[in-house]
Amino acid sequence: MTFRVLFMLFFILSFVYADEKEVDKKTSIEYNLVRCLLTALENNPVCKKMSIDKKIAAIELKASASSFEWILSGTTSYNDSNDVSSQTVGITKSFLTGTSVGVSTSISDRSGALLDKSSSFSFNLTQELLAGATIKENDLPIFRSRIRHDQSANKLEDQIRSTLFRVSSNYFQYIKNEETVIINLNALKQSKKFLETVQELKKAGKGTNLDIATAEVQVASREEALLRSQTNILNALDLLKSSMGIDMVENITIFKDISLEVILPPLDFEKAYSHALNNRSDMMNSKLNLELQNQEVSVKNSSKKPNLKFLYGLSFSEAEDNFNGVYHYSDSPEHSLSLQFSMPLLRKKKIADYLTAKLSSEKFEIELWVLSQDIKLDIKRIIREIEAGIKTIAVQNQRMKTEEIRVQSFETRFENGLIDSLEVTRAYDDLDKARIDLINSKLNLKILVAEYHVAIGSQPTIVIENEKILMEKQTEKK
């Protein structure tokens, strides 16, 4: 189901790209989050490698049944010492039940003999009676390949999910840096305006040289913060391009007008944990490892039995004299029955293999339990952080409004000579910090929600679907 959704998305995306005009490589292309995610699915090198691994596993799965194919064999020979030539053709097949059948025919020609031509036909049946007599034993190579194939599919889905989360996280980190640049730029403009106000007040005899120096320090501090945030945004852009699988030298522009809202999932721990147990790729692969190991234990247990084979043979033969036209046939088919038995007296190696496999199975059970506890920890932590993030945003919204009122009040009080410029500068700093904290908290909440979907093993495309819904809501508001 996951990959059907992905292929549908690629199909839709192909039509979207088909309608666009061809853009020169030097021209900057604008990317919103949805386009970043779809580009990552198409270009991410790790996803490509995982996809190749899945194809290899599929090929190996098909090849794993090769030992149960019909095998055609044949020989032809000539012996010059007695002038004999012979040809033999046969076909054999093994079955999952421990049964093997074979049919062969041979023709030989000997010059100078009384009966110079002979031919024979034979049928052979072999059946394992103890060790190797069960389907579970003989199916182990196929079963192992099937498990590896399923695990490679799960790893690819997990990599897709991780890639989408990493791209989303890097995208939001870029937006956080972009918003910080805007805030720092506005703060710089405001600090310069405040410096001009202080200089005017100084000329009017209401300010001091200390007030001017304080305002100048504030301007320099804002310029430094702006430079630092501009450097951070370039680094964030490189990280985003890397996670998308885009060349570092390619010029792209990130769509900045995104919705800071978030679609909150139901924060029910029991349901989330149950969903994770059935859908997380690492959990499914751990269960498959345990299933494979239990199969190994069963096979090792069966292999402790003695080797006992039943063999049956049936054959016909005839001879011919070409010169005199004489034929000789076997009076009746020849039958043969036999039993073959073998067993190590102490069976040390087989018992050791069985005990080792059983202990390995216990290790896998422990690892599965540890993983389940780690999943619980992840889900509980993320739910708590989401709930705390929602409350934090509400508090920070009120804090920013308070800081805006505080700045206006301090500006008025400074103009009336009630406080010095240092108090106004601190008020500006507090307002800038409140704005940055609010933006960061909203974007951190979006990252936490994306991480929550990774933790519970949601469909990888849910991030794309949710972002499309938010984009449509934002367009409707405009």
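Note that these values count all heavy atoms, side chains included, but never hydrogens, waters or copies made by symmetry.
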Peer 1: Are the side chain of S298 and the backbone of Q295 linked by a donor-acceptor contact shorter than 3.5 Å?
Peer 2: no
Peer 1: Taking salt bridge (charged side-chain N to carboxylate O under 4.0 Å, His left out) as the test, write out the residues that go with R413, two or more places apart.
Peer 2: none
Peer 1: Given salt bridge (Lys or Arg N to Asp or Glu O under 4.0 Å), test D53 with K155 step by step and report yes or no.
Peer 2: CA-CA 9 Å; D53 289 340; K155 287 178 181 178; over 6 Å; no
Peer 1: List the atom of M283, the atom of I375, and the distance in Å for their closest heavy-atom pair.
Peer 2: CE-CD1, 3.7 Å
Peer 1: Which atom names give the shortest non-hydrogen contact between A357 and V297, and what distance separates them?
Peer 2: O-CG2, 3.3 Å
Peer 1: Within 45° of the six-membered ring axis of F165 and under 6.0 Å from that ring's centre, is NZ or CZ of R161 located there?
Peer 2: no
Peer 1: Any side-chain heavy atom of I71 sitting closer than 4.5 Å to one from I91?
Peer 2: no
Peer 1: Please test V449 against L264 for side chain to side chain contact (heavy atoms under 4.5 Å, CB included), starting from the C-alpha separation and ending with a verdict.
Peer 2: CA-CA 7 Å; V449 170; L264 289 173; 4.0 Å; yes
Peer 1: Is any side-chain heavy atom of E411 less than 4.5 Å from a side-chain heavy atom of T197?
Peer 2: no
Peer 1: Enumerate the salt bridge (charged side-chain N to carboxylate O under 4.0 Å, His left out) contacts for residues 348-359, please, sequence neighbours excluded, ordered by first and then second residue.
Peer 2: K349-D353
Peer 1: Do L227 and E223 have side-chain heavy atoms sitting under 4.5 Å apart?
Peer 2: no
Peer 1: Are R426 and E423 ion-paired here, with the side-chain N under 4.0 Å from a carboxylate O?
Peer 2: yes
Peer 1: Answer yes or no: does atom NZ of K271 have more than 12 heavy-atom neighbours from other residues, nucleotides or ligands under 6.0 Å?
Peer 2: no
Peer 1: Is the closest side-chain heavy-atom distance between K176 and N444 below 4.5 Å?
Peer 2: yes
Peer 1: Show, in sequence, the C-alpha distance, side-chain angles and deciding distance for E404 and K401, and conclude whether the salt bridge (Lys or Arg N to Asp or Glu O under 4.0 Å) test is met.
Peer 2: CA-CA 5 Å; E404 288 173 347; K401 293 176 182 178; over 6 Å; no
Peer 1: Can you tell which of L277, D282, I366 makes a side-chain contact (heavy atoms from CB on, under 4.5 Å) with L371?
Peer 2: D282
Peer 1: Are I456 and I379 side-chain neighbours, meaning at least one heavy-atom pair lies under 4.5 Å?
Peer 2: yes
Peer 1: Run the salt bridge (Lys or Arg N to Asp or Glu O under 4.0 Å) test on E403 and K433 for me, step by step, so that the C-alpha distance in whole Å, both residues' side-chain angles and the decisive distance to 0.1 Å come before the verdict.
Peer 2: CA-CA 10 Å; E403 293 295 345; K433 188 175 186 305; over 6 Å; no
Peer 1: Does the side chain of I439 come within less than 4.5 Å of L260's, by heavy atoms?
Peer 2: yes
Peer 1: To the nearest 0.5 Å, tell me how far R35 CZ sits from E30 CD.
Peer 2: 9.0 Å
Peer 1: Got N279 and S458 here, is their nearest side-chain heavy-atom distance under 4.5 Å?
Peer 2: no
Peer 1: Quick one: CZ on R166 to OG on S169, what's the gap to the nearest 0.5 Å?
Peer 2: 9.5 Å
Peer 1: Under the rule for ring-ring contact (aromatic ring centres under 6.0 Å, His included), what residues qualify as partners of F414, not counting sequence neighbours?
Peer 2: F194
Peer 1: Give the intermediate values and the outcome of side chain to side chain donor-acceptor pair (under 3.5 Å) for residues Q218 and T214.
Peer 2: CA-CA 6 Å; Q218 186 188 34; T214 302; over 6 Å; no
Peer 1: Test your reading of the model: is there a side-chain donor-acceptor pair from K468 to the backbone of V34, 3.5 Å cut-off?
Peer 2: no
